[in-house]
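The block underneath contains the structure these notes are about, expressed in structure tokens.
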There are 2 protein chains.
Amino acid sequence: MLSHPEAPSDEPRSKRAAILDAAAATFCKEGYAGASIDAIANTAGVSRQTIYNQIGDKEKLFKAVVAQLTEYSSARFFAILETFPTEPRNLEQELTAFAKRLLEMSCCDQHGKWLLRLANMEGQRHPDLFAAWRQYGPGRKYPAIAARFAQLAHAGYLEVDDPTLAARQFMALVSADIRFDMQFGTRPSQAEVEANAESAVRTFLRAFAPR
Amino acid sequence: MLSHPEAPSDEPRSKRAAILDAAAATFCKEGYAGASIDAIANTAGVSRQTIYNQIGDKEKLFKAVVAQLTEYSSARFFAILETFPTEPRNLEQELTAFAKRLLEMSCCDQHGKWLLRLANMEGQRHPDLFAAWRQYGPGRKYPAIAARFAQLAHAGYLEVDDPTLAARQFMALVSADIRFDMQFGTRPSQAEVEANAESAVRTFLRAFAPR
DNA sequence: ACAAATTTGGACACTATTGTCCAATCTGTC
DNA sequence: GACAGATTGGACAATAGTGTCCAAATTTGT
């Protein structure tokens, strides 16, 4: 059968997945230049040659990693966004639960963490790649959340002038504490995540609840 | 004269400074592994040998860069903290001006930007180095700001239960928009900085002003 | 102008990495 | 069991980077 090097769809799934996972981890830990193909192959439990066969040179490998992380992370986010409390019975409680889900997904999830790290590290080097990420990532996340807040405001649950601003500030508050721990690879504890979500939502509602 | 390799204090100031600046820029752009000594020497307009004479191997160079950036950035921050409006006549206006100063210093200043980037990129690789940074950086910043907010609360200008939390959320709101642009090296415009400071302070005060 | 220190550029050995080639081996399918 | 395709390990040239050495050139202090 044909096996396009670009879209090897299904067959070599597990090998390819192992390679991409190992590559993501290694790129994150060592940076693009510092990540050697040998190290990646070793981590993936795969011969170096297999990487060249399946994916291609280092540049293509990097792009494939970013593409996969972007897709995966974006899918997770929009799945969670479906659980936004559009018609809340207890706004604070349900918004807090939503914030917790978001934190657990966005900050403690390895893929999202890796993607953010790679964007920070190699953003200048591959501007085209991460321009796409920016559009699919933050560029679609904020408007999506903003729409939900606008909905809440329209229904009288909130008092917001600028939903986009509210969305950005909500995200900023929710991920306030986490960024440092996250960037260092130290996973914040469950208790920290919950406490942070609670205080973030409390402050957010103090600012945007109807008077 | 003695010329300690560790503390060459004054004499070779300009060469050493040029080296450290070039090294910081190159490490930021290329990562630790990707930054070659030749490239750094070239950028600094200096012979490669001079780097080895003045500072030592790559590891020492990196440590020297981080140390200098940490010191510089910390000094700038605490200088600006002196201008915190402890006895405000118009709280919103003065706090906004303070936020603008903070943004201009912390986000648009090259050294702070570089330090943050290096911490994100190489934090896992040099945990000891950045543990020190964490203590001197965020670890001292937040308590310092928290103390000011506690002061304001005690004087009746604010209504905060947990000053440390308020400080973290203040910083999160202030730097909400900027992070993305900053990480990508694109400097946010003056107008963006000001708009962000204003909306951040407005939201902060809506949450923490006395009812 | 002289002497001391510093800087320079180039050569050097050494190591690491990339990407390719290939024969041997393993895999699953008929 | 035989076959095709994928996989492996190892060898390979080419390139790039690190850190050292040294003699010549340059800057610096006096």
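None of the values given here were measured: they were computed from a predicted structure. The chains referred to below are lettered A, B, ... by the order of the sequence lines, with proteins before strands, and numbering in each begins at 1.
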Open item on the list: Given 3.5 Å as the limit, does a donor-acceptor pair link the side chain of B:Lys58 with the main chain of B:Ala35, or not?
Closed with: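 Flag set: sc B:Lys58 to bb B:Ala35 pair under 3.5 Å.
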Open item on the list: Using modelled atom types and a 3.5 Å cut-off, is there a donor and acceptor pairing between side-chain atoms of A:Thr43 and backbone atoms of A:Ala39?
Closed with: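 Pair found, side chain donor or acceptor close to backbone of A:Ala39.
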TODO: Compute the ring centroids of A:Phe170 and A:Tyr142, then answer whether they are less than 6.0 Å apart.
DONE: no
Open item on the list: I want to know whether A:Tyr72 and A:Phe77 have ring centres closer than 6.0 Å.
Closed with: no
Open item on the list: Is A:Gln54 close enough to D:dA6 that one of its side-chain N or O atoms is under 4.0 Å from OP1 or OP2 there?
Closed with: no
TODO: Check the angle between the aromatic planes of B:Phe62 and B:Tyr32 and answer parallel, tilted or perpendicular using the 30° and 60° thresholds.
DONE: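 The rings of B:Phe62 and B:Tyr32 stand perpendicular, inter-plane angle above 60°.
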- [ ] Over 60° means perpendicular and under 30° means parallel, so classify the ring planes of A:Phe84 and A:Phe98, tilted if in between.
- [x] perpendicular
Open item on the list: Among residues 40-47 of chain B, which ones have heavy-atom contacts with DNA chain C below 4.0 Å?
Closed with: B:Val46, B:Ser47
Open item on the list: Is a donor from one side chain sitting under 3.5 angstrom from an acceptor on the other, for B:Thr203 and A:Gln169?
Closed with: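 There is such a pair (donor and acceptor under 3.5 Å, judged by atom type) between the side chains of B:Thr203 and A:Gln169.
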TODO: Go through the side-chain N and O atoms of A:Gln68 and A:His111 and say whether any donor and acceptor fall under 3.5 Å apart.
DONE: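 Judged by distance alone, the side chains do not pair up.
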TODO: Just report the end-to-end axis angle for the helix from C:dA1-D:dT30 to C:dC30-D:dG1, five pairs per end, to 10 degrees.
DONE: 40°
What is the separation between atom [atom1] on [X] and atom [atom2] on [N], rounded to the nearest whole Å?
| X | N | atom1 | atom2 | result |
| --- | --- | --- | --- | --- |
| B:Ile55 | D:dG19 | CD1 | P | 13 Å |
| B:Ile19 | C:dT7 | CD1 | C1' | 10 Å |
| B:Arg16 | C:dT6 | CZ | P | 14 Å |
| B:Lys60 | D:dT18 | NZ | C1' | 15 Å |

Open item on the list: Within the 4.0 Å limit for protein heavy atoms, which parts of nucleotides 12-21 of chain C are touched? Write it as a string from 5' to 3', B for base, S for sugar-phosphate only, - for none.
Closed with: -----SBBBB
Open item on the list: Looking at every heavy atom in both B:Arg16 and B:Ile55, which two are closest together, and how far apart are they?
Closed with: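 Nearest heavy atoms, B:Arg16 then B:Ile55: NH1-CG1, 3.8 Å.
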- [ ] Supply the atom-to-atom distance B:Glu94 CD to B:Thr83 OG1, rounded to the nearest 0.5 angstrom.
- [x]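 Interatomic distance, B:Glu94 CD to B:Thr83 OG1, rounded to 0.5 Å: 10.5 Å.
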Task: Ion pair check, A:Glu122 and A:Arg125, cut-off under 4.0 Å - done: yes
